[in-house]
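A quick write-up on the structure given underneath.
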Amino acid sequence: MKQPTSGAGEHESGGKRGLTRRDAIAGAALLGAGAALDHVLGEGLADSDGASPPASAGTVPFYGSHQSGVGTPVQEFLHFASFDVTSTSRKDLAELLRSWTVAAAQLTAGREYGPARQPQSRPPADTGEALELPPSQLTLTFGFGPGLFAGSAGDRFGLAHRRPAALAPLPPFPNEDLDPGRSGGDLCVQACANDAQVAFHAIHILSRIAEGVAVLRWTQAGFGRTSSTSRSQTTARNLMGFKDGTNNIDGGDARTMNAQVWVNAGDGPAWMTGGTYLVARRIQMVFEAWDSTSLEAQQQAIGRYKLSGAPLGKRREHDPVDLHAMADGRPVIAANAHIRLASPSSNHGQRILRRGYSYAEATIFGAGVIEGGLFFISFQRDPRQFIEIQRLLSAGDALNRHILHTASAIFACPPGASAPGRFIGEGLLA
Ligand code: HEM
């Protein structure tokens, strides 16, 4: 495993400022082209242009009682990675998480990964593709899959007795055809940023650090956030053209986050308190069928107007949904409309925080169509919240003719690293 050599806390520790990627570039420019970047990095180089960057370029704090990337306002791009742990040593696993935490603190602060001075005779610690780029509100969120605790490979790390009962493979649902190669995994990292290259760079670095301990199992890139977790964000549209995320949990609403998203003390093992469960579903959209559906039928399937995003029968996007409204003896929002079946009132009050992204891949099958859709991600205090909603949706959602779930994964995301020197998953592994 590649070890980071600088401490997690340098950036926050006041006094001497840590090296930013911007510093590195300024340093290189000062010494001219051809100078080896790794030898020109010096501390304290001033930002050269003085222009203040937009907020979307800034940083999201990494340390805290909860991991970032859950309640954080949704960034524009996703790079999600699932890993299989190949080592059977618990010490290796703990070291990997310690190293990932150190690297995550550096990367989310917009700093170059690795030590300030590196010999030219060795490959650079930082792969370099984010050098000119601002932090872009990068967040890195880590999770543990059920297989880490016990699975076909047995209890490799002696963790079986520490598995939260809630962390189990999801049950099968109708309307799914899951690709095992794109599903599951022992560890996950969700990288979100307002620059796709910054998100990719983080996964690139973290997968290099994992060498010898864990290997990438699958990755998924996403764009065009399909949810908002803050009313200050405009609601983005999914690839079906509908505003998605209108009736989502607001990440700034601490009361609802505590009730629905964060694991509370007593919910399960103490090491998960302050954490959350992540469910990921790759949901392919059958564009040919959807695109040839009338506007009226599309709106009936969702239960909202396409243009405004307002619930059917209402005028504005955030008008409350009235599931009892009738017109001409029929419900205004159809019995099989997506928002009726997904609503808390149809699911014993269950709510989830959706934080998914669109994806599109140039896969050609048969007649040559776009393979794309929604890389659905939800966070919840207990996976049963997702399971209850998905049971109802998979049985009767009007959208089912237009979608197919093709991959699935579940991870337990532990609480955050509270301060420099602590690491993600310490409560489980230390
Ligand atoms: C490709 C698949 C999907 C599409 C295109 C889709 C689209 C939408 C749209 C357009 C809305 C209305 C706007 C909003 O409130 O966000 C919505 C609401 C919602 N969706 Fe989905 N969704 C999909 C899959 C899912 C899945 C798998 C779940 C959970 C199992 C889910 C749960 C919800 C919930 C909880 C709401 C809010 C319902 C309410 O008004 O209370 N969706 N979705």
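As the structure lists them, so they are numbered: ligands from 1, and atoms in each ligand from 1.
At a 4.0 Å heavy-atom cut-off, ligand 1 touches Thr246 through backbone and side chain alike. Residue contacts with ligand 1 for Thr235 are absent, since no atom lies close enough (heavy atoms, distance under 4.0 Å).
Residue Lys243 approaches ligand 1 through these ligand atoms, each under 4.0 Å from one of its heavy atoms: 10 (C), 13 (C). Annotation for ligand 1: atoms under 4.0 Å from non-hydrogen atoms of Ile403 are 1 (C). Near Ile352, with a cut-off below 4.0 Å to any heavy atom, the atoms of ligand 1 are 29 (C). Ligand-side atoms of ligand 1 in range of Ile339: 12 (C), range being under 4.0 angstrom from any heavy atom. Close contacts of ligand 1 with Pro344, meaning ligand atoms under 4.0 Å from a residue heavy atom, involve 41 (O). Proximity to Ser343 (heavy-atom distance under 4.0 Å) selects the following atoms of ligand 1: 41 (O). Here is the list of ligand 1 atoms found below 4.0 Å of a heavy atom in Leu393: 26 (C), 28 (C), 29 (C), 30 (C), 31 (C). Shown in contact with Phe386 at under 4.0 Å from a heavy atom are these atoms of ligand 1, numbered in order with element: 30 (C).
If you look at Trp100 and Phe83, their ring centroids are closer than 6.0 Å. Aromatic rings of Phe80 and Phe375 (six-membered ring for Trp) have centroids within the 6.0 Å cut-off, being under it.
Salt-bridge check for Glu388 with Arg391: failed, with every basic side-chain N at 4.0 Å or more from each acidic carboxylate O. Remark: Arg384 engages Asp382 in a salt bridge, criterion side-chain N to carboxylate O under 4.0 Å.
For His338, the N, O or S atom closest to atom 21 (Fe) of ligand 1 goes by the atom name NE2.
Residue-ligand proximity: Arg281 is placed with every non-hydrogen atom at 4.0 Å or more from ligand 1. Not a single heavy atom of Arg351 sits less than 4.0 Å from an atom of ligand 1. A heavy-atom separation below 4.0 Å is not found between Gly373 and ligand 1.
Applying the ring-ring contact (aromatic ring centres under 6.0 Å, His included) criterion to Phe149, with sequence neighbours excluded, gives Trp271.
The ring pair (Phe, Tyr, Trp, His ring centres under 6.0 Å) contacts involving residues 316-341 comprise nothing, where partners must be two or more places apart or lie in separate chains.
Comparing Ile283, Asn238, Ile387, Ile249 by heavy-atom distance to atom 5 (C) of ligand 1, the nearest is Asn238.
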### Query
Gln137 and Asn194: side chain to side chain donor-acceptor pair (under 3.5 Å), yes or no, with the steps?
CA-CA 6 Å; Gln137 293 187 326; Asn194 290 319; 2.9 Å; yes

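Counting heavy atoms from C-beta outward, Phe411 and Asp186 have side chains that stay 4.5 Å or more apart.
Counting heavy-atom neighbours within 6.0 Å of Arg90 CZ, excluding the residue itself, gives a total above 12. Other residues, nucleotides and ligands contribute only 12 or fewer heavy atoms inside 6.0 Å of the CG atom of Leu307.
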